[in-house]
Structures are given as structure tokens and as C-alpha cells.
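Numbering starts at 1 and runs along the sequence shown.
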Amino acid sequence: MNERRRTSTSIKIIGGKHCADILPLTKEQKILYTVMVVEDDETNLNIYAFHLKEDGYNVVLAKSAEECLEKLKTMPAPDLIIMDLNLGK
């Protein structure tokens with residue numbers, strides 16, 4: 001399987017294509033989707049936030065699993081959660 005590495009996170013390549021190429025959405029469609037990013041590294045969190053917002057998605061950020069769970073109690077479920085698998089305490 002092809003993978004591109006970015007720090008501790010990998011981006012899946014499906015059938016030789018980036019996942020964004022498989023299901024292209026317009027900006028008007030993307031604004032309907034909310035992506036939650038859970039990342040304890042400030043730099044990585046800012047990179048995810050910048051690119052997702054720039055691409056037109058609604059973005060919710062959390063710096064820990066605990067913060068993520070608290071936010072999920074008070075908001076509608078996001079369409080996608082991107083989570084660091086190696087979250088520190």
C-alpha cells in the first residue's frame with residue numbers, strides 16, 4: 001500500500017490517488033461538513049486547521065482526548081475526526 005508520511009501521521013493513497021481526488025467536493029459542499037482535529041502538538045494542530053479551513057471545511061480543534069470528549073458532549077457530531085494516535089497526557 002502506498003503511504004506518504006508526515007510526522008507521526010500518514011495519508012492514505014487509494015488506488016494510486018489521493019483521497020481528495022476520489023470524491024471531489026465544491027467549496028459550497030465542504031462548508032456543510034465539520035472536521036474535528038484532536039492533536040496535542042501545537043504545530044501539527046495549526047497545520048491541520050489551516051489547510052482544512054483554507055479548503056473550506058468547518059473545523060473544531062481539541063488538544064487532548066479529554067477536551068475532545070467534552071466538546072462532543074456540547075456539539076453535533078462532526079462528520080470526521082482526525083486524531084493523533086499517540087496523544088500524550
Side-chain angles (χ1 to χ4, degrees):
M1 178 184 297
N2 295 334
E3 283 189 7
R4 287 189 217 159
R5 291 272 177 205
R6 291 187 183 183
T7 63
S8 63
T9 307
S10 62
I11 297 173
K12 300 281 185 190
I13 306 297
I14 304 170
K17 292 187 174 185
H18 188 275
C19 57
D21 297 330
I22 294 170
L23 185 62
L25 300 172
T26 66
K27 269 233 194 236
E28 292 78 22
Q29 291 169 316
K30 289 177 185 177
I31 198 70
L32 301 174
Y33 292 96
T34 298
V35 178
M36 175 179 268
V37 180
V38 186
E39 172 64 72
D40 59 347
D41 182 278
E42 190 80 25
T43 301
N44 289 341
L45 189 69
N46 290 331
I47 290 169
Y48 279 121
F50 174 80
H51 287 288
L52 288 166
K53 288 176 182 177
E54 186 76 15
D55 210 27
Y57 293 100
N58 293 309
V59 179
V60 176
L61 304 175
K63 294 181 182 177
S64 67
E66 294 80 11
E67 184 179 351
C68 169
L69 293 173
E70 286 302 314
K71 287 186 176 192
L72 288 173
K73 290 178 186 177
T74 62
M75 63 178 273
D79 298 290
L80 174 69
I81 298 176
I82 300 172
M83 181 175 281
D84 180 355
L85 296 178
N86 298 314
L87 282 172
K89 286 210 169 201

Exercise. Output the distance between atom CG (Leu87) and atom CG (Asp41), rounded to the nearest 0.5 Å.
Key: 10.5 Å

Practice problem: Would you give the length of the straight line joining atom OH of Tyr48 to atom OG1 of Thr43, rounded to the nearest 0.5 angstrom? | Solution: 12.5 Å

Count I, L, V, M, F, W, Y as connected when their side-chain heavy atoms are under 4.5 Å apart, and connections chain through other members. Are [X] and [Y] then in the same cluster?
X	Y	answer
Leu61	Leu52	yes
Leu45	Val35	yes
Ile47	Ile82	no

Quiz item: Do the non-hydrogen side-chain atoms of Glu66 and Glu70 ever get within less than 4.5 Å of each other?
Solution: no

Exercise. Tell me, yes or no, whether the heavy-atom count around Lys63 atom NZ, taken from other residues, nucleotides or ligands under 6.0 Å, exceeds 12.
Key: no

Exercise. List the atom of Ser64, the atom of Val38, and the distance in Å for their closest heavy-atom pair.
Key: O-CG1, 3.6 Å

Practice problem: Taking Asn46 for its side chain and Glu42 for its backbone only, find out whether a donor-acceptor pair lies under 3.5 Å. | Solution: yes

Quiz prompt | Qualifying residue for side-chain contact (heavy atoms from CB on, under 4.5 Å) with Met36, from Val60, Leu80, Val59, Asn58 | solution = Val60

Quiz prompt | Under the side chain to side chain donor-acceptor pair (under 3.5 Å) test, residues paired with Asp79 that sit two or more places apart | solution = none

